[in-house]
Structures are given as structure tokens and as C-alpha cells.
Amino acid sequence: MRFPVFLAAVLLGLAFPSCERQRNPANPAMGGENGVESPDLEEQADLEETIAALTGGAAEQAEAGILTRVLNGAGLPPDLAVRLEAAVAESPAFVLDLLACLEGDPFLRRLVDKSHPLPEDYEPEDLVELVPGSYEVNRRGLLLRRPAAEALERMAVAARTDGVVLAASSAYRSYNYQVEVYGRNVREMGQVVADRESARPGYSQHQMGLVVDFGSIDDSFAQTRAGRWILEHGSRFGWSLSFPDGYEEATGYRWESWHYRYVGEDLSAFIDLWFGGIQQYALQFIHAWQGANWEADAWEGASWEGPGDS
Ligand SMILES: [Zn+2]
């Protein structure tokens, strides 16, 4: 589903009366001298109505404080949820950025983590083979979805300009290939260690064809020129670090300095600006938003049962 962004802008204009129209001192409901509502609360209520209208939600959803419910239901750290709620009350910037992220390819914003698998038979239709040139490949036959491959090319060209050569080591993995990868990791490391850095089949972002593991695929990558360059510049090209240092509790995976997911430039900017660069939080928020609003997630169903269920 696509939102008409121009319509969003018009409606958001209506949602912020302090910008668009004068308060009427004779009308208490407008926050005049006898009014009981603070301007913040009034604007918050208006914004929630606007969001409900934009998303086809019912009026009662707006009354129930849909945004508050989504923020609370998204599993975000409480301080982040509070900050975002305040930001939304203050200006339409967050909602406009969100609407931009909700345009276009839904897989770019799809939450795939230890609780949200892909269907076993999901295979992207636009996989293309990576062609070394601007970047290197550490083995033949690596595949990515076309938009990700094109974004990798753009990023690699920019890296070359800075004298840095990127090397792709792993990209698309089919469900069946992930069966092998996960099985091998469990045999070599034991299940507990394997689950910290290897996804169970169906739960890997690699199955989306939107992920590249760069370089050595180990911790040494972070200290390489390529590792530092992507961390600093990758977001500009739509690439987002999936499992950052210190967020294992949120992502389910230990720090993986080499694993970048292509989310598109709108979403990577949204992640950086509003979610402190933590992809997991932004995708959880969008997932909760969609669940609360307009898109019944047809693929929802399977859930992570914890160690021992495979
Ligand atoms: Zn990876």
C-alpha cells in the first residue's frame, strides 16, 4: 500500500494549528484563556486524528491514542519511546519521515529477526549475480536483489574514491543453504554459541537478498579501513548495520561488524535520525505501526520458540 505523501503533508498541516491558524481566544476548545487543554495536548490529539485518517484507522483508534499504543507496543526502550512521543507532539517531521519509509518496496522495511521469520519458500524474484569491479567478491556466484546490488555498486564507487576497496563475502542465502550454514555452526560451536551469530533457517536477513557480509566476517573487520568506512558512510547509500555492538539483547545477535542490510536511503536516514542508528528499533516500530493500522501481516504466524525447538 502506498500513502499519498502530498495528502499527508496537507493533513499534517491541519494537524499543527499553531503553524496554520490562530488560536481563537473566545473558544475554550481552541486553547483560549479559559481553555483547559494545554496546546501540547491539543496538538497531540489533532495529530493522532490525522494519523488515524492517513492510515484508514477508525476515530476510536485516535481517541485511544494510537501512537502511544504503537510506541508502547513496539518493545522499544522506554526512554526512546518517550523521546519519540515528545518529538511527534512537537513537529510533523517524524511522521513525514515515517511516511517516506512506508513508500515503495515493503521488504526494505520488513522485520526479520528471531521472532519474525520469512516463509520457508520465500525467494526474491530479482536476484542478480554480483559482478566484481568497483568491489571485490571473496567467492563466485554471490547473489543480491537488484536494488541492493545497485546500491552496493554506488557505495563501492564512493569507497574507491576514498581509496577503500570493499569486498563482499556472503550475500543472498536460500532457506536450504541456511539449513547447512546453521547446522554447520551448531556442530562446530554448539547451539548456544551458534544462536548468537547464526540465524536459524527462515530467520535470516540473508534470505531476503538484501544483506552483505563484508570482508573477513569476523571481529577483525571492524578495524579495517573498509570496516571503518562502511560504518561511517554506509547509511548514505541505504546500508544499515544490523547487529551493532552492545545491542545483543535487542537484536538477539552478538555484534556483527560485517553484516549490513540494505534498507534504502529513506529508512537508513530514519534509523539514524530517530532511532540512534539502531535498525532493530526502527523496524520493530514500523512493524508495530503496521500491525496496529493498515496492513494485516499475512506472513505472521510462526514464532521463535527459543533454544531447543529446531
Ligand atoms: Zn550476515
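The structure presented is a predicted model; accordingly, all values stated were derived computationally and were not measured. Order of appearance sets the numbers: ligands from 1, and atoms from 1 within every ligand.
When the ring-ring contact (aromatic ring centres under 6.0 Å, His included) test is applied to Phe243, the partners found at least two apart in sequence or on another chain are Tyr253, His259.
Checked by atom type, the side-chain pair Asn176/Ser174 shows no donor-acceptor distance below 3.5 Å.
Annotation for Val128: hydrophobic cluster partners, listed by chain and number, are none (ILVMFWY side-chain heavy atoms under 4.5 Å, direct or chained).
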Output side-chain donor-acceptor pairs under 3.5 Å for residues 130-139, partner residues at least two apart or in another chain, one line each.
{"unit_1": "Ser134", "atom_1": "OG", "unit_2": "Glu153", "atom_2": "OE2", "d": "2.5"}
{"unit_1": "Tyr135", "atom_1": "OH", "unit_2": "Val131", "atom_2": "N", "d": "3.3"}
{"unit_1": "Asn138", "atom_1": "ND2", "unit_2": "Ser169", "atom_2": "OG", "d": "2.6"}

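The two residues Glu103 and Arg109 come nearest to each other via the heavy atoms O-NH1, 3.2 Å.
Within the protein, the number of N, O or S atoms lying under 2.8 Å from the Zn ion (ligand 1) is 4.
Heavy atoms from other residues, nucleotides or ligands lying under 6.0 Å from CZ of Arg254 number more than 12.
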